[in-house]
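Lettering of chains follows the sequences in order, A, B, ..., and the numbering in each one begins at 1.
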Number of protein chains: 2
Amino acid sequence: MPVSLSKAFPKLKGIVEKYQDFWYEETLPAKYTLLQEGDVSNTLYFIVKGCIRLSNNYNGKEITIQFFFENEFVSSFESYLKNTPSDFSIETIEECQLLVIKKENWKTIMDQNPLFREMFFDFTSDRFINYIHHFLSYIQEKPEERYQNLIKNKSHILQRVPLQYIASYLGITTVSLSRIRARKQPK
Amino acid sequence: MPVSLSKAFPKLKGIVEKYQDFWYEETLPAKYTLLQEGDVSNTLYFIVKGCIRLSNNYNGKEITIQFFFENEFVSSFESYLKNTPSDFSIETIEECQLLVIKKENWKTIMDQNPLFREMFFDFTSDRFINYIHHFLSYIQEKPEERYQNLIKNKSHILQRVPLQYIASYLGITTVSLSRIRARKQPK
DNA sequence: TATAAAAATTAACATTTGTTAATTAAATTC
DNA sequence: GAATTTAATTAACAAATGTTAATTTTTATA
């Protein structure tokens, strides 16, 4: 049991302990693909340490949709919940220490444990709301404003994530991001 | 009980009949605001007849996020579920015939009726997946491609919805939409 | 540590959208 | 049905991003 878990996520800690055999730990190197776009997801990850991105490839262009950090669940949810081919790939950015659970075991816990059900529902609805806000920022703001807001509100992303992923997250090219950075931080 | 409901949504029909007192019907004119951005949503609508849009206002710019038609539930879900001020307004486009249920009654049914719970969960996850795809189209495609795809895949929207709303749905100005239309459908 | 590979920046030009304003078309209402 | 309002289109110019390519910087690794 990772030490950090008990501090960060006491609820989950209890559940992992109770259903010990259902969970396992995994340490994976940077740039490791956890799920390939097009495959059906049957694994749910919880990040103990590290940083992960969820991306989509369209005509050879890879776009990062979301970043995940410590104490977050990661999965391609629509694929995980509906058994459909995933629209997204999931890849580690840094070396990651993960708690892993397979879908069958997850289902068992979901059926048996109202606390976990509640926690998971909270988590997915937060994720949904996250999506909504990210989406709104896309349609409300210009790339440059999105970058400024990233600095203001999500500087942890800027500190840990390579600029190429940030550019695609902002919906622009690395070239354009460089220009914005040069423009707004003179000297 | 609206006649069309039994055909289109037999599941819901049973539930509406069983919990008759919880639901009421409403007929509202075009351009009627069902929910004002900033207010907390406590109403869930089901469209029997008509067409509704969900929008967001940012610095005076109104952006349409989604359209809803017959046999769909409509609400500002994050507000409805979390009791937070809504990021969106909800407004009729045409005259609408609606089935309405207030949150307290909705909660009662959710608690008592697994069938409704399942139906509602299916509905919200479909809505989530919808969002994801709409979002992906935003970051993958140019406005012009989005318009072409709208013609190809969602022509019912084009037929029923004024172009100003479609422009904002595509993330562009009406001027730009006019240009695209002039460009791609010569003569 | 030197070498190679990958990432980030800069430059020049093309393309597209935004903006403002004028014009035409369509819908509303008195 | 005439008058008024709203919606859609067109035009001209400004502004921002995309594209391609070259250059510099950083990171990885032999």
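- Between A:Phe128 and B:Tyr131, the ring center distance clears the sub-6.0 Å criterion.
- The distance between atom CG of A:Leu170 and atom P of D:dT17, rounded to the nearest whole Å, is 11 Å.
- A:Trp23 has its ring centre no less than 6.0 Å from the ring centre of A:Phe46.
- Residue A:Gln164 contributes atom CD, which lies 14 Å from atom C1' of D:dT25 at whole-angstrom precision.
- Counting only distance, with no hydrogens or angles, the side chain of A:Ser176 and the backbone of A:Ile172 share no donor-acceptor pair below 3.5 Å.
- Applying the ring pair (Phe, Tyr, Trp, His ring centres under 6.0 Å) test between B:His156 and each of B:Phe67, B:Phe68, B:Phe69 identifies B:Phe69 as the sole match.
- Between the P atom of D:dT6 and the CG atom of B:Leu163 lies a distance of 18 Å, rounded to the nearest Å.
- When each of A:Lys142 and A:Pro162 is assigned the nucleotide of DNA chain C bearing its nearest heavy atom, the one mapping closer to the 5' terminus is A:Pro162.
- Mapping heavy-atom proximity under 4.0 Å, the span of DNA chain C touched by chain A runs 5' to 3' from C:dA7 to C:dA12.
- B:Leu54 and B:Ser75 make their closest contact through CD1-O, 3.9 Å (heavy atoms, listed as atom of the first residue, atom of the second, distance).
- The CD atom of B:Glu144 sits 16 Å away from the P atom of D:dG18 (whole-angstrom rounding).
- Atom-to-atom, OH of A:Tyr138 to C1' of D:dT17 comes out at 13 Å; the value is rounded to the nearest Å.
- Ring-centre distance between B:Tyr45 and B:Phe73: not below the 6.0 Å cut-off.
- With sequence neighbours left out, A:Lys61 forms a salt bridge (charged side-chain N to carboxylate O under 4.0 Å, His left out) with no residue at all.
- Although no hydrogens or angles enter the test, the distance criterion places a donor-acceptor pair under 3.5 Å between the side chain of A:Ser168 and the main chain of A:Tyr165.
- At a cut-off of 3.5 Å, with distance as the only test, a side-chain donor of A:Tyr147 or A:Arg181 sits close to an acceptor on the other residue.
- Rounded to an integer number of Å, the gap from CD of A:Glu141 to P of D:dA16 is 16 Å.
- Overall, the helix from C:dT1-D:dA30 to C:dC30-D:dG1 carries an axis bend of 50° between its ends, with five pairs at each end and the value rounded to 10°.
- Each of A:Thr173 and B:Tyr165 was matched to the nucleotide of DNA chain D holding its nearest heavy atom; the match closer to the 5' end belongs to B:Tyr165.
- The nearest whole Å value for the distance from the CZ atom in A:Arg183 to the C1' atom in D:dA16 is 7 Å.
- In this structure, B:Ile93 atom CD1 and D:dA7 atom C1' are separated by 15 Å, rounded to whole Å.
- Taking for each of B:Ser176 and A:Ser176 the nucleotide of DNA chain C with the nearest heavy atom, the 5'-most of the two is the partner of A:Ser176.
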